[in-house]
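Some notes on the structure that comes next.
Counting convention: from 1, in listed order, for ligands and their atoms alike.
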Amino acid sequence: MNNLVFQEDRPLDLIAVGRLAVDLNANEIHRPMEETNTFTKYLGGSPANISVAVSRLGLKAGFIGRVADDPLGRFILQYLGDNNIDASHVVVDKSGAKTGLAFTEIKSPTDCSILMYRSDAVDLKLEVTDVKEEYIKRAKAVLISGTALAASPSREAVFAVLELARKHNTVVFFDIDYRPYTWKSVEETAIYYSLAAEKCDVIIGTREEFDMLEMFSNPGNTNDGVTAKKWFDFNAKIMVIKHGKKGSFAYTLEGDQYTGAVFPVIPVKTFGAGDSYAGGFIYGLMQGYDPGKAMEIGAASASIVVSSHSCSDAMPGIDKIERFIEQYDGEKAYDVEQI
Ligand SMILES: Nc1ncnc2c1ncn2[C@@H]1O[C@H](COP(=O)(O)OP(=O)(O)O)[C@@H](O)[C@H]1O
Ligand SMILES: O=C(O)C[C@@H](O)[C@H](O)C(=O)COP(=O)(O)O
């Protein structure tokens, strides 16, 4: 049981909003980018990855976003279709803007970095008029990702989603997804993130992300309970604060606290943990599980994804997650093909 109320008669479970992009993950791992010659192309973008995660778990997902009018845009649309994600509200942008690219460098299991190509990124061209009230009304929940707040017109489009979701009792999940290089300043980031967070039902972020978010309201605070209370005074019902490999903690409006399970592994790469965790956690809450059980699903999904080469394509179904939890045998490298 949890404290979220989903409108059960709606055909869509979750509409993700924002970035549809491409990840180019180094094939020759454990070396610097300078020595990497080939990359594999995957669907990328945090909300895109989360939409794949929930779809693989059996939820009906949709998307509000923009793709470029080029082969990468067509690749993204094809991938969404192949993964049973409704792309009827993904607009093909004609402005000449480009698909955002994330080149990933996998130097070692713990030393990974992302080189982003995001000038004139098409995802930030999302318009308020791309957000249709009828569509929001058809979903039990929406997921917004903070990066979409980085620039206009995408920023206003996100606020339109928030207004319509609140009007129609569509539950709002907010994954903070703070990517500093997308923003002009940390002050600007904190202000827009806070304005959005005030309208959300469930907020998921790392301790560092909440430190940024609260730079004006709670400067210097590092206490998760104090953070949770701040957003409960607005609209939050569940707050999740993640601490990387150390796990995560959930707080509810009613005063319950949950310590999330963590299944430490020796990863192939570090990225993808946040998106798979969010997908598994949202799925769990939408099954009606308590936050502790939902966090366990998210954590196991994260362990599988960091043990894989991709983010989106590696998102596991529930059977694989359950087998992983059952077979988990301590911190080591896992061959996810064998699970
Ligand atoms: N090396 C790891 N092994 C196992 N689980 C991990 C590992 N790194 C992260 N996770 C899981 O993924 C969750 C989210 O990771 P975190 O690093 O906090 O997110 P983000 O990618 O957004 O920074 C963690 O709470 C944990 O359950
Ligand atoms: O969000 C992006 O544009 C890049 C992602 O596709 C990338 O795979 C990534 O960074 C995943 O983020 P995480 O799950 O927070 O590690």
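Remark: R155 is positioned above the aromatic ring of Y192, its terminal NZ or CZ atom under 6.0 angstrom from the ring centre and at most 45 degrees off the axis.
Note on ring orientation: taking the six-membered ring where Trp is involved, the planes of F263 and F324 are perpendicular (angle over 60°, cut-offs 30° and 60°). Classification of the F103-Y117 ring pair by plane angle, with boundaries at 30° and 60°, yields perpendicular. Classification of the F75-Y79 ring pair by plane angle, with boundaries at 30° and 60°, yields tilted.
At least one donor-acceptor pair under 3.5 Å links the side chain of S51 to the backbone N or O of A48. Between the side chain of E28 and the backbone N or O of N37 there is at least one donor-acceptor pair closer than 3.5 Å.
Ligand 1 has no N or O atom lying under 3.5 Å from any N or O atom of A261, backbone or side chain. The shortest N or O to N or O distance between T206 and ligand 1 is not under 3.5 Å.
Transitive grouping of hydrophobic side chains (ILVMFWY, heavy atoms separated by less than 4.5 Å) keeps F249 and Y258 in distinct clusters.
Residue-ligand proximity, G247 to ligand 1, at heavy-atom distances under 4.0 Å covers atoms 25 (O). Interface of A299 with ligand 1, defined as ligand atoms under 4.0 Å from a residue heavy atom, comprises 27 (O). For ligand 1 and V265, the ligand atoms under 4.0 Å from any heavy atom of the residue are 1 (N), 3 (N), 4 (C). Below 4.0 Å from some heavy atom of S303 lie the following atoms of ligand 1, by number and element: 4 (C), 5 (N). Less than 4.0 angstrom separates some heavy atom of F263 from each of these atoms of ligand 1: 3 (N), 4 (C), 5 (N).
K242 CD, 3.9 Å is the protein heavy atom nearest to atom 14 (C) of ligand 1.
Between D175 and S145, the side chains place no donor N or O within less than 3.5 Å of an acceptor N or O (distance only, hydrogens not considered).
With atom 24 (C) of ligand 1 as the reference point, the heavy atom nearest to it among A302, G244, A273 is part of G244. The closest non-hydrogen atom to atom 2 (C) of ligand 1, taken over M295, K245, R207, comes from K245.
Listed by chain and number, residues touching ligand 2 at under 4.0 Å (heavy atoms only) are R19, D23, G44, G45, S46, N49, I114, M116, R179, F271, G272, A273, G274, D275, C311.
Counting non-hydrogen atoms of neighbouring residues, nucleotides and ligands closer than 6.0 angstrom, the NZ atom of K98 reaches no more than 12 such neighbours.
Protein heavy atoms all stay at least 4.0 Å away from atom 6 (C) of ligand 1.
The only option from I106, T36, T38 that meets the side-chain contact (heavy atoms from CB on, under 4.5 Å) definition with N27 turns out to be T38.
Note: W183 and Y193 meet the aromatic proximity criterion, with ring centroids under 6.0 Å apart.
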